[in-house]
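Quick notes on the structure that follows.
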Protein chains: 2
Amino acid sequence: MDESKPGRVAPTRATISDVARQAGVSIGTVSRVLNKARNVKPALQRRVLDAAAALDYRPDSFAQGMRSKKTHVIGVIVPDLRNPLSSEAAAGVEEELTQQGYSFFLANSRYERGREENILNEFARRRVDGIIAILARDQDPRTVEQLRRLPMPVVLLEREIGTEFDAVRTDQVQGTYRATRYLAALGHRRIALITVPTDNMSGRYRFQGYAEALADVGTEVSADLVHMGGYTRDYAVNAAYSVLSMRNKPTALIVSGGMLPGVLDAMRQLNLSIPDELSLVVLGDTELAALTRPGITAIRYDWAQTGRVAARLTISRIGGSETPPERVIVPYEFILRESCQELAPGD
Amino acid sequence: MDESKPGRVAPTRATISDVARQAGVSIGTVSRVLNKARNVKPALQRRVLDAAAALDYRPDSFAQGMRSKKTHVIGVIVPDLRNPLSSEAAAGVEEELTQQGYSFFLANSRYERGREENILNEFARRRVDGIIAILARDQDPRTVEQLRRLPMPVVLLEREIGTEFDAVRTDQVQGTYRATRYLAALGHRRIALITVPTDNMSGRYRFQGYAEALADVGTEVSADLVHMGGYTRDYAVNAAYSVLSMRNKPTALIVSGGMLPGVLDAMRQLNLSIPDELSLVVLGDTELAALTRPGITAIRYDWAQTGRVAARLTISRIGGSETPPERVIVPYEFILRESCQELAPGD
DNA sequence: CTCTGGAAGGAAAACGTTTCAAATATAAAT
DNA sequence: ATTTATATTTGAAACGTTTTCCTTCCAGAG
């Protein structure tokens with residue numbers, strides 16, 4: 001019925017046979033011209049190209065995918081769309097993929113394993129050429145098993161599973177080590193840590209850097225200063241609240257970027273000021289850290305860069321690269337602001 | 001060669017004919033069971049379902065799309081992945097689409113028309129079932145024409161083109177009106193406005209609300225107080241810098257959320273304090289506005305909600321809804337913080 | 001002039017679904 | 001027991017590509 005509507009252009013797209021007819025050749029020839037263009041006389045080639053242009057022909061990606069098994073689509077799975085890690089990484093992936101002619105599905109697991117499983121299944125069903133994943137948990141054997149079964153290359157972002165998958169990550173160990181040593185150099189010894197659980201790489205490596213730095217200055221990790229039990233803002237608020245209202249409270253605090261809002265919130269409630277009453281370093285720089293007053297000293301991670309690297313790596317795997325799994329580590333940057341203070345000897 | 005590797009599961013997925021063979025029925029029956037399941041005897045239905053489960057069968061989405069013309073994919077195009085409007089809207093869209101069994105392509109135009117055009121073409125080629133778009137410019141005739149030609153429903157987000165497309169947007173007119181009136185009620189008359197250009201809806205409606213409010217308090221718009229020439233952070237810094245270093249500088253400033261960082265940056269450079277030297281209202285609430293000190297009074301827009309509504313609307317259009325184009329307006333919320341001060345009579 | 005071999009182009013198969021027409025089985029009505 | 005209507009199931013076409021296998025051309029060699 002639409003066909004007859006006067007004002008409406010018929011919505012039927014030209015197919016390859018339309019082009020073939022218009023150019024007076026077989027569809028096979030059209031396909032050959034449009035793809036490799038081998039063994040076709042220049043004259044014919046022109047005719048085909050002209051016909052295709054005239055008809056505004058675009059190959060149907062479903063027919064292509066059906067036949068050639070290549071979709072030029074990559075699946076990207078993140079745990080929390082609103083977290084800067086996710087959005088920055090997605091932005092980096094986007095930059096690189098677009099440039100290389102790929103599209104991508106974006107999916108959000110919300111840190112739920114069930115969702116993650118469904119998403120991976122859906123990606124497989126949709127025959128994505130590759131997957132870039134920031135997993136909720138990288139130690140769950142079911143997840144690992146599912147990844148192993150996937151017929152397309154998988155690149156992990158900010159996560160690690162043994163050495164069998166490509167992985168791109170920021171240097172959380174060194175970054176956190178540096179943050180801790182920086183505070184220690186200012187005289188702090190009671191340094192609290194609020195970040196994500198150890199069931200993914202970020203938490204594990206952050207704790208490792210923290211613990212190593214403390215050990216190097218001859219201090220032991222004190223369990224009551226470490227809160228690594230959740231991902232949410234509420235968790236951060238509660239953790240900060242409880243650690244900052246201890247009788248013998250810490251003089252410094254290291255918090256991950258996604259939890260900074262919660263910590264600032266708690267500090268406001270407790271009416272604690274930075275840096276007089278608490279020195280603060282954030283793992284992962286954000287606009288909030290940069291622009292709040294005083295500015296928060298930060299370990300900056302270039303997540304967009306990890307995204308770009310992961311995208312390039314994925315594409316090279318799709319291209320058939322068979323080298324052993326890579327492990328790329330993107331360095332951190334230390335951003336000095338005004339949130340830390342030398343500890344007065346008496347404190 | 002992979003087939004023979006001992007440790008590797010053969011990566012060939014089961015097809016519908018495998019299921020048919022296993023269940024001892026025709027492929028047509030399998031298809032019917034898996035889709036509508038009408039007119040199939042319960043016994044057979046069980047057999048088919050069991051077979052499908054046993055083989056871990058998942059219909060190939062390319063074959064499906066090829067035949068049925070439905071892809072269950074929606075294309076989402078945003079102008080700036082790092083802007084809260086984009087990421088919040090994407091998150092809202094994601095919530096709703098996932099729940100309804102849709103996947104989505106996410107693409108980033110970076111406010112460039114050429115990219116936008118390519119993205120729309122790519123979406124068409126990939127036969128997305130519908131498109132949700134935050135356009136770079138909603139007044140460009142070429143963009144409009146391209147949208148008209150698209151064979152799938154398009155829902156505009158935070159943009160409007162006449163009345164021929166569905167559009168979901170926040171109430172920028174009223175929000176900005178309210179912000180302006182609020183400042184006026186505190187005695188301010190020299191109120192600056194820094195936001196995006198008028199070549200998309202947000203800029204137009206913000207200016208409208210601003211101008212109406214000023215008119216209602218008997219003040220004229222003063223061109224040197226209005227900066228609506230760019231989208232970037234750099235633009236915001238420069239605009240704020242120039243407007244705040246005027247001899248007769250404004251006593252209050254309204255800025256859009258994406259540009260708040262730039263404004264705060266400029267204020268820091270100029271060493272201006274809030275609210276003593278400048279009252280500030282931000283259009284679009286963000287974490288930065290909420291957590292910086294003092295907190296910035298904000299007009300909050302629920303972009304995630306617009307995303308959800310747009311997703312629902314898109315799906316209903318895909319379902320064949322033929323009602324006239326809708327125009328949904330999501331209300332604003334006034335968030336009072338500490339960034340505004342009553343103007344002293346002498347000022 | 002015939003033969004050979006490579007280049008160029010065509011015809012048709014295949015990809016895995018959905019859907020439609022036809023065939024068969026079942027139930028109801030006579 | 002037939003006939004008729006209805007419910008179920010089958011078989012095959014169709015979707016728009018890519019690709020494989022042929023056939024046809026031609027040029028150069030013998």
Side-chain angles (χ1 to χ4, degrees), chain A residues 10-49 51-52 55-73 122 124-129 151, chain B residues 10-49 51-52 55-73 101 122 124-129 151-152:
Chain A
T12 38
R13 297 205 62 75
T15 77
I16 197 173
S17 23
D18 297 328
V19 176
R21 196 172 328 114
Q22 169 109 359
V25 299
S26 75
I27 63 170
T29 302
V30 175
S31 177
R32 227 159 326 115
V33 169
L34 265 31
N35 296 328
K36 303 87 199 325
R38 284 178 32 184
N39 290 357
V40 177
K41 283 200 184 147
L44 253 200
Q45 199 162 321
R46 265 253 63 75
R47 280 226 314 271
V48 170
L49 256 21
L55 295 172
D56 190 29
Y57 167 73
R58 315 267 170 61
D60 179 296
S61 66
F62 281 81
Q64 282 186 318
M66 175 134 191
R67 182 61 232 229
S68 68
K69 305 304 182 202
K70 286 285 167 238
T71 61
H72 274 246
V73 175
E122 185 67 10
R125 202 180 78 82
R126 297 215 185 254
R127 295 247 199 90
V128 297
D129 289 344
Chain B
T12 38
R13 299 205 61 77
T15 76
I16 197 172
S17 25
D18 296 329
V19 176
R21 195 171 330 114
Q22 169 107 2
V25 299
S26 76
I27 63 172
T29 302
V30 176
S31 177
R32 222 159 340 105
V33 170
L34 264 33
N35 295 327
K36 304 86 197 325
R38 287 177 29 184
N39 290 357
V40 176
K41 282 200 183 151
L44 253 199
Q45 195 161 324
R46 264 254 64 75
R47 279 224 316 271
V48 170
L49 257 21
L55 295 171
D56 190 27
Y57 167 73
R58 314 269 170 62
D60 179 296
S61 66
F62 281 83
Q64 283 185 319
M66 174 135 188
R67 180 62 232 230
S68 66
K69 304 305 182 201
K70 288 286 167 234
T71 61
H72 275 246
V73 175
E122 186 66 10
R125 202 179 78 82
R126 297 215 185 254
R127 295 247 197 90
V128 298
D129 288 346
M152 64 282 291

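In what follows, every heavy atom counts, from backbone to side chain, and hydrogens, waters and symmetry copies are set aside. In what follows, chains carry the letters A, B, and so on, assigned in the order in which the sequence lines appear, proteins first and then strands, with residues in each chain numbered from 1.
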Is there a side-chain contact between Arg127(B) and Val73(B) in this structure, where contact means two heavy atoms from C-beta onward sitting under 4.5 Å apart? no

Check the distance between dT17(C)'s P and Arg21(B)'s CZ and give it to me in whole angstrom. 12 Å

Just wondering, do Arg126(B) and His72(A) contact through their side chains at under 4.5 Å, heavy atoms? yes

Can you tell me if Ser26(A) touches the phosphate of dA11(C), counting only side-chain N or O atoms and a distance under 4.0 Å to OP1 or OP2? no

Hey, does the side chain of Gln64(A) come within less than 4.0 Å of dG16(D)'s phosphate (OP1/OP2), counting only N and O? no

Could you tell me the separation between the CG atom of Asp60(A) and the P atom of dT17(C), rounded to a whole number of Å? 17 Å

Round to the nearest Å and state the distance from Phe62(A) atom CZ to dT18(D) atom P. 15 Å

Residue pair Gly24(B)/Asn35(A) against DNA chain D: nearer the 5' end by closest nucleotide is Gly24(B)

Nearest to the side chain of Ser31(B), which nucleotide is it out of dG16(D), dT26(C), dT18(C)? dT18(C)

Distance in angstrom units between His72(A) NE2 and dT17(D) C1', rounded: 14 Å

Specify the closest pair of heavy atoms between Val48(B) and Val19(B), including all atoms of both residues, with the distance to one decimal. O-CG1, 4.1 Å

So if I take every side-chain heavy atom of Tyr57(A) and compare against dT17(D), dG16(D), dT17(C), which nucleotide ends up nearest? dT17(D)

Please determine, for the side chain of Thr29(B), which listed nucleotide (dT18(D), dG16(C), dT9(D)) has the closest atom? dT9(D)

Looking at Val30(A) and Ala20(A), what are the two nearest heavy atoms and their distance? CG2-CA, 3.6 Å

Applying salt bridge (charged side-chain N to carboxylate O under 4.0 Å, His left out) to Arg13(B) and Asp56(B), what does each step give before you reach the verdict? CA-CA 8 Å; Arg13(B) 299 205 61 77; Asp56(B) 190 27; 3.6 Å; yes

Let's test your reading of the model: under 3.5 Å, does the base of dT18(D) pair with the side chain of Arg67(A) as donor and acceptor? yes

Rounded interatomic separation in angstrom, taking NZ from Lys69(A) and P from dT20(D): 14 Å

Among dT18(C), dT26(C), dA14(C), the one nearest any side-chain atom of Lys41(B) is dT26(C)

Would you indicate what Leu44(A) reaches in the nucleic acid, counting non-hydrogen atoms under 4.0 angstrom: base, sugar-phosphate, or nothing? sugar-phosphate

Taking the side chain of Ile27(A) as heavy atoms from C-beta outward, which of dT17(D), dT8(D), dG16(C) is closest to it? dT17(D)

Figure out the CE/P separation between Met66(A) and dC15(D), and round it to whole Å. 13 Å

Nearest-Å distance, CD1 (Ile16(A)) to C1' (dA12(C))? 14 Å

Write down the distance between CG (Leu34(B)) and P (dT17(C)), rounded to a whole number of angstrom. 9 Å

Tell whether Arg32(A) reaches the base of dG9(C) with its side chain through a donor-acceptor pair below 3.5 angstrom. yes

